[in-house]
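Everything below concerns the one structure shown next.
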Protein chains: 2
Amino acid sequence: MLNNPRKSREDILDLAVPLFAKSGFDGVSIRNVASQIELTPAALYYHFKDKEALYFETVKHAFETKTSAAKDLIDNGDEVFANLEKFINWFVTTLNRDNDFQKLLQWVLLDSNPKRMQSLVKDVFSDLFLTTRKLAESFSPRYDPQMLSISIIGLVLCHFQSEEGRKFLPGRKAIHDKPQVISAHIIKLLKNGLAPAC
Amino acid sequence: MLNNPRKSREDILDLAVPLFAKSGFDGVSIRNVASQIELTPAALYYHFKDKEALYFETVKHAFETKTSAAKDLIDNGDEVFANLEKFINWFVTTLNRDNDFQKLLQWVLLDSNPKRMQSLVKDVFSDLFLTTRKLAESFSPRYDPQMLSISIIGLVLCHFQSEEGRKFLPGRKAIHDKPQVISAHIIKLLKNGLAPAC
DNA sequence: GTCTATACCATGATAGAC
DNA sequence: GTCTATCATGGTATAGAC
């Protein structure tokens with residue numbers, strides 16, 4: 001292993017993101033990360049206290065740039081369905097562009113360590129949730145804002161969460177992976193539901 | 001470790017299910033499983049070729065009893081919304097009763113090993129998907145059946161997937177975890193959407 | 001800030017006795 | 001069918017030289 005040009009914390013995190021996104025906390029070793037970065041494990045421990053800290057910072061880093069953009073999206077002056085469409089389009093586009101972001105979100109929600117999940121949810125997921133909740137409140141009291149937030153996030157997320165698995169199911173078509181198609185499907189379903197127009 | 005009464009394959013799988021459900025393939029060791037079953041690792045290897053085989057059989061076992069019940073649920077003679085309600089109620093009830101089932105489904109979809117994911121999706125998930133697809137076809141051509149299936153499954157799943165994480169978010173209420181409430185919310189949303197009734 | 005070297009423990013898996 | 005014993009490998013983490 002050679003004496004590499006010094007890596008910044010950010011360089012390390014950038015390279016750790018896809019690893020943890022693919023295999024989660026337990027599926028990635030310090031040695032894996034170190035070799036990806038072209039550093040030794042010992043050098044990694046100079047930058048991060050332990051594996052938990054590295055993982056936490058990695059997830060936080062991957063979320064940081066994303067969810068801040070969503071905040072400014074919902075405009076209280078706008079019509080409610082305009083806000084809904086803006087949000088769905090933004091969320092679908094974001095998940096489509098950055099597969100790691102979507103994967104890490106799943107790992108957070110599946111985390112087998114409750115303490116780790118708690119800090120990640122609070123630190124990393126609550127921004128996105130609160131933005132969705134603000135949107136969902138437009139449909140109160142007809143819908144419970146909390147439940148509607150979960151439904152909206154889940155409805156978007158599932159199309160990406162299932163992307164790899166769907167490849168092995170019958171009836172697959174390429175258009176099901178296209179962000180514009182996914183976006184349109186979700187907006188139509190959320191707006192009108194399944195009942196025939198009256 | 002004592003000479004225990006002989007365990008059958010099924011006894012082992014029953015006890016392995018909650019372990020893999022909590023921590024996934026990488027988060028569970030052969031020793032973890034062995035000690036839970038009160039056997040030695042060597043005894044486990046008598047029953048299963050390797051860890052992959054144990055995991056595969058465990059997930060398959062957890063799904064077996066569940067998804068077969070769904071098949072008989074959708075009655076072509078029935079009105080479409082009656083079938084939809086029956087399905088949602090069944091799925092919500094099933095996920096609520098058996099948390100392991102829901103967790104394992106998530107692990108399958110997040111699996112970092114494509115070959116393992118493929119066999120699990122084909123062998124274990126396709127039944128549930130095809131049942132949902134049959135239901136979704138009632139709403140064709142207004143909705144693409146493939147995409148609608150994913151949306152329906154995702155809409156139900158997300159309320160359970162987020163159950164632990166939601167505890168750490170503001171606005172939490174106990175009713176959001178109740179199966180009847182979740183069921184009613186989803187059915188209402190799927191039927192009517194967010195647009196005001198006309 | 002990165003290296004070499006290493007401590008120490010957990011892992012998947014097997015051989016062979018009973 | 002289960003045990004004890006063992007192996008090779010890989011895991012997290014640290015000490016100390018440069």
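Each chain gets a letter, A, B and so on, in the order the sequences are listed, and its residues count up from 1.
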Any non-hydrogen side-chain atom of B/His61 less than 4.5 Å from a side-chain atom of B/Arg9?
no
Could you go through B/Lys103 and B/Asn99, starting from their C-alpha distance and side-chain angles, then the distance that decides it, and tell me whether this counts as side-chain contact (heavy atoms from CB on, under 4.5 Å)?
CA-CA 6 Å; B/Lys103 282 274 179 64; B/Asn99 201 258; 3.8 Å; yes
Distance check needed: D/dC3 P versus B/Glu38 CD, whole Å only.
10 Å
Let me know which of B/Leu54, B/Val59, B/Asp100 forms a side chain to side chain contact (heavy atoms under 4.5 Å, CB included) with B/Phe20.
B/Leu54
With B/Asn113, which residues qualify under side chain to side chain donor-acceptor pair (under 3.5 Å), at least two apart?
none
Give the rounded distance in Å between these two atoms: CD1 of A/Ile37 and C1' of C/dG1.
14 Å
Nucleic acid contacts of residues 15-31 of chain B, taken as heavy-atom distances under 4.0 Å to DNA chain C
B/Val28, B/Ser29, B/Ile30, B/Arg31
Check for me whether A/Arg116 meets the cation-pi criterion with A/Phe25, that is, NZ or CZ under 6.0 Å from the six-membered ring centre and within 45 degrees of the ring axis.
yes
Near DNA chain D, counting only heavy atoms under 4.0 Å, which residues of residues 42-51 of chain A show up?
A/Ala42, A/Tyr45, A/Asp50, A/Lys51
Would you please confirm or rule out a distance under 4.0 Å between OP1 or OP2 of D/dC3 and any side-chain N or O of B/Thr40?
yes
Could you walk me through whether A/Phe160 and A/Val92 pass the side-chain contact (heavy atoms from CB on, under 4.5 Å) test, one step at a time?
CA-CA 9 Å; A/Phe160 296 92; A/Val92 167; 3.8 Å; yes
Quick one, A/Asp177 with A/Arg172, criterion salt bridge (Lys or Arg N to Asp or Glu O under 4.0 Å). Give me CA distance, side-chain angles, the key distance, then yes/no.
CA-CA 10 Å; A/Asp177 298 341; A/Arg172 167 179 155 71; 3.3 Å; yes
May I ask you to check whether B/Asn96 and B/Thr93 show a side-chain donor-acceptor distance below 3.5 Å?
no
